[in-house]
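For reference, the structure is listed below as structure tokens.
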Amino acid sequence: MSIELPKTYNPEEAENKIYKLWEESGFFSPEGLPSVTLAKEGKIPEPKPFTILMPPINENGSLHAGHALVLTIEDIMIRYKRMRGHQTLWLPGLDHAGFETQVVYEKQLEKEGRSRFQMEPGQLYDEILNFTLANKKDIEGQIKKMGASCDWTREKFTLDPDIVQTVYQTFKKMADDNFVYRGEKIVNWCPKHQTTLSDLETTDVEQKDNFYYLQYGPFVIATARPETKFGDKYVVMHPGDKRYRGYKDGQKIELEWINGPITATIVKDEAVDMTFGTGVMTITPWHDAVDFDIAERHKLEREQIIDFRGKLLPIAGEFAGMPISKARPLIVEKLKSKGLLVKIDEDYKHVVKKCYKCESIIEPQVREQWFLKMKQLAEPAIKAIENGEIKFIPEHYKKISLHWLKNILDWPISRQIVWGIPIPAWHHEPKCVPRPGKEKEIKKCLKTVIALEEPRCEFCEAKFIRDPDTFDTWFSSGQWPFASLGYPDSNDYKTFFPTDVMETGGDIIFFWVARMIMLSLYVTGEVPFKTVYLHGLVLDAKGRKMSKSKGNVINPLNLLEKYGTDALRMGLVIGNTPGTSLALAEDKIKGQKHFANKLWNIARYVLMNISGISTLKPEIKAELTAEDEKIVSELGALVKDATEDMDQFRFYLAAEKIYHYVWHTFADKIIEESKTKLASEDVIIKASAQRMLLEVLITSLKLLHPFMPFVTEEIYSNLAIKNKRLLIVEKWPD
RNA sequence: GGGCACAUAGCUCAAUUGGUUAGAGCGUCGCAUUCACAUUGCGAAGGUUCCCUGUUCGAGUCAGGGUGUGCCCACCA
């Protein structure tokens with residue numbers, strides 16, 4: 001066999017061809033695997049399943065470096081386990097990514113001079129749906145470019161009807177179990193996006209502002225936000241503060257305030273820090289979480305000062321209708337002219353919450369929202385983690401998860417956006433229309449009902465209005481592990497759940513990982529996965545976070561084209577320890593392109609020199625010279641070592657060791673030394689060298705295949721070996 | 001205020017959980033090249049493993065303290 005291979009490896013040509021070959025082979029699906037077929041014929045024992053669910057990928061853009069890393073690591077695991085004979089399932093998922101996608105689409109609308117607030121919700125939904133569908137093919141194509149050997153026949157989308165059904169059933173079950181409540185509580189409100197956000201969806205930003213000391217009757221109070229103070233009629237101090245001993249809880253005082261005289265009430269509460277400011281504060285329960293709690297404790301009234309667009313309401317008098325930024329200096333001016341401004345501290349550092357998407361300042365607002373009680377949901381998760389039912393890689397994420405779960409707060413799950421799963425709830429019209437003879441019972445009318453169809457009230461003919469809100473995306477994606485596998489009746493659920501490994505970014509451990517654990521335990525009674533592998537961020541070459549504004553975003557698709565998928569994958573995995581951020585330097589990937597070519601030329605050399613040898617006999621070792629046998633057994637040591645690393649999720653080490661062996665042992669030593677052996681007059685020495693070279697090549701290809709699937713498969717396809725299968729399903733060496 | 005990490009060659013990172021002389025990639029410098037590969041080979045320079053104290057036969061690794069950096073959580077008006 002003397003096949004002429006070109007002098008350099010051409011990734012682009014090989015990759016498209018090879019991926020098609022794999023797809024057509026059926027080996028991406030568990031039922032198509034040789035190990036499963038052989039087991040069916042009774043020839044080998046039933047293989048063990050090995051399952052990974054791909055974290056659903058946003059359909060609102062194109063693949064970024066983080067996605068490339070996820071796909072690489074997961075593909076390495078799946079390919080390794082597939083070669084070990086497992087019944088492997090890697091289920092691909094696409095994400096509607098609720099709020100994220102709506103934000104992206106709103107930006108596009110903005111560019112076109114349109115706004116979601118001038119659109120019918122139905123129309124907006126349809127447009128976003130079309131937008132994501134248009135992106136779907138691109139994203140799928142990009143996932144394939146990465147070489148991902150996932151089962152496309154099982155591809156799931158987070159808005160698939162069966163997923164939505166599962167989410168509804170979970171919500172209903174939670175409502176029945178009294179884990180859901182609808183409450184008027186203070187929430188994080190983004191005035192730009194016009195929706196509630198969970199605490200995780202806000203970021204804290206430290207900034208310097210003016211701190212105003214104001215005369216409030218006999219007291220001096222301090223505030224950074226004078227524009228919220230119009231309705232302040234409670235003045236709060238610590239019950240133990242001796243300076244204010246003369247004032248009693250509930251005492252009324254008359255005083256002159258911004259827009260005229262008011263009556264204020266003294267409140268004593270321990271939440272007040274005596275050492276901060278003057279030790280006295282007035283409260284604005286509608287727009288501040290601490291104040292809200294104080295008002296709840298003392299059953300105080302609350303009033304909205306700022307509307308949901310961030311403009312002042314009529315209570316602000318002459319300032320009504322103004323946005324905060326415009327009103328604040330004018331209000332300060334008025335306070336000053338009335339002699340109520342005591343002093344201004346211009347150097348006041350404090351933390352403000354901002355929307356994590358648009359950086360608008362969050363305006364706390366009181367709104368009726370759906371909440372989940374989290375304490376009871378968290379308990380089984382805490383137990384499971386403490387018992388070691390879930391293994392964290394790296395380990396310190398165990399502590400981080402437990403800390404969060406033990407301090408968990410209730411979760412607001414309703415969002416005022418259209419792009420998502422509608423909340424299956426209905427609200428009674430304000431007015432009751434009693435049915436004949438039921439006039440006396442209308443007090444029993446249900447205000448809110450959780451149901452898929454419009455409910456009918458027994459006592460009343462009033463209509464029910466559909467709740468306009470959608471679920472927080474993470475509420476549905478938290479159910480992904482069992483929902484995507486067809487809980488509760490499907491064979492896939494029975495076979496592949498709980499899954500083996502959840503591999504995702506450490507930055508979404510609370511958003512997603514913790515919630516999957518809680519929701520899976522609640523619905524199925526089982527943990528969703530046995531191992532959590534968390535990778536770090538992919539940073540630029542200088543270790544900075546990639547961002548569009550910095551202009552340092554590395555597009556993996558460009559790297560693919562330039563250096564080939566295998567090179568990108570190696571560049572992403574070598575030196576990347578779990579949990580640690582990875583600085584992605586282009587030179588590193590370039591170096592791996594050289595490696596792919598090195599491997600290619602190793603194969604060329606071997607092929608050129610082994611004519612006549614087309615198969616490896618099992619008793620190969622008997623035919624080797626002692627020297628060659630030593631080479632083969634040394635390779636055996638590498639195999640053992642690398643296998644151990646693979647089993648322990650040390651892919652970065654395995655890849656580096658194999659790389660180093662192939663280049664600096666196989667190419668630099670074994671091949672160099674083989675040149676004299678092949679030139680030998682001694683037939684035994686020559687034949688031994690030939691067999692040894694082929695053996696080392698085949699084993700190297702197998703070891704490299706999970707990392708560099710394309711070039712290895714391409715080379716393997718050029719070897720003439722009897723009973724050869726595609727490398728993707730060949731047996732991992734032992 | 002609380003929590004979690006990190007600090008090793010010029011740069012980016014390893015060192016498989018305490019074990020020879022701390023390694024690799026990239027970069028730098030020198031030499032070689034009719035060879036499967038210039039996308040090459042051989043070689044060199046480059047280290048107080050942040051600092052201090054301790055445990056140990058033995059510490060980059062463990063403990064205590066310090067310095068610096070990053071991230072997460074939290075309701076100081």
By the 4.0 Å heavy-atom rule, please label [X] as base, sugar-phosphate, or nothing.
{"X": "A:I221", "value": "nothing"}
{"X": "A:L200", "value": "sugar-phosphate"}
{"X": "A:A667", "value": "base"}
{"X": "A:F649", "value": "nothing"}
{"X": "A:F510", "value": "sugar-phosphate"}
{"X": "A:E672", "value": "base"}
{"X": "A:D507", "value": "nothing"}
{"X": "A:K657", "value": "base"}
{"X": "A:K590", "value": "nothing"}
{"X": "A:D204", "value": "base"}

Step through it carefully: locate the ring centre of [X], locate the ring centre of [Y], and say whether they are under 6.0 Å apart.
{"X": "A:W732", "Y": "A:Y80", "value": "yes"}
{"X": "A:H350", "Y": "A:Y348", "value": "yes"}
{"X": "A:Y659", "Y": "A:F707", "value": "no"}

Legend entry - Contact under 4.0 Å: A:H664 side-chain N or O vs B:rG25 OP1/OP2: yes
Inset, instruction - Please state whether the phosphate of B:rU39, meaning OP1 or OP2, lies under 4.0 angstrom from any side-chain nitrogen or oxygen of A:K7. - result: no
Inset, instruction - Assign each of A:T223 and A:Q648 to its nearest nucleotide of RNA chain B by heavy atoms, then name whichever residue's nucleotide is nearer the 5' end. - result: A:Q648
Legend entry - Contact nearer the 5' end of RNA chain B, comparing A:D587 with A:V272: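 Going by which nucleotide is closer to the 5' end, it is A:D587.
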Rounding to an integer number of Å, can you tell me how far [X] [atom1] sits from [N] [atom2]?
{"X": "A:L405", "N": "B:rC73", "atom1": "CG", "atom2": "P", "result": "14 Å"}
{"X": "A:L572", "N": "B:rG25", "atom1": "CG", "atom2": "P", "result": "19 Å"}
{"X": "A:W663", "N": "B:rA36", "atom1": "CH2", "atom2": "P", "result": "17 Å"}
{"X": "A:D269", "N": "B:rC76", "atom1": "CG", "atom2": "C1'", "result": "13 Å"}

Legend entry - Distance-only polar pair, side chains of A:Y605 and A:S674, donor-acceptor under 3.5 Å: yes
Inset, instruction - Indicate whether any N or O donor in one side chain lies under 3.5 Å from an N or O acceptor in the other, for A:K229 and A:T282. - result: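 Yes, A:T282 and A:K229 have a side-chain donor paired with an acceptor closer than 3.5 Å.
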Inset, instruction - Flag yes if more than 12 heavy atoms outside A:E395 fall under 6.0 Å of its CD atom; otherwise flag no. - result: no
Legend entry - Intra- and interstrand pairs of RNA chain B - dot-bracket, Watson-Crick/G-U under 3.5 Å, | marks other strand: (((((((..((((.....[...)))).(((((.......))))).....(((((..]....))))))))))))....
Legend entry - Base versus backbone protein contacts along nucleotides 3-14 of chain B [heavy-atom cut-off under 4.0 Å; B, S, -]: -SS------SSS
Legend entry - Heavy-atom check, side chain of A:I671 versus side chain of A:F666, under 4.5 Å: yes
Legend entry - Beyond-backbone contact of A:Y234 with A:E301, side-chain heavy atoms, under 4.5 angstrom: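 Contact flag for A:Y234/A:E301 side chains = yes.
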Inset, instruction - Establish, yes or no, whether the cationic atom of A:K185 lies under 6.0 Å from the six-membered ring centre of A:F292 and within 45° of the ring axis. - result: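 Pair A:K185/A:F292 does not count as cation-pi.
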Legend entry - A:H238 side-chain N/O to A:G240 backbone N/O, donor-acceptor pair under 3.5 Å: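 Yes.
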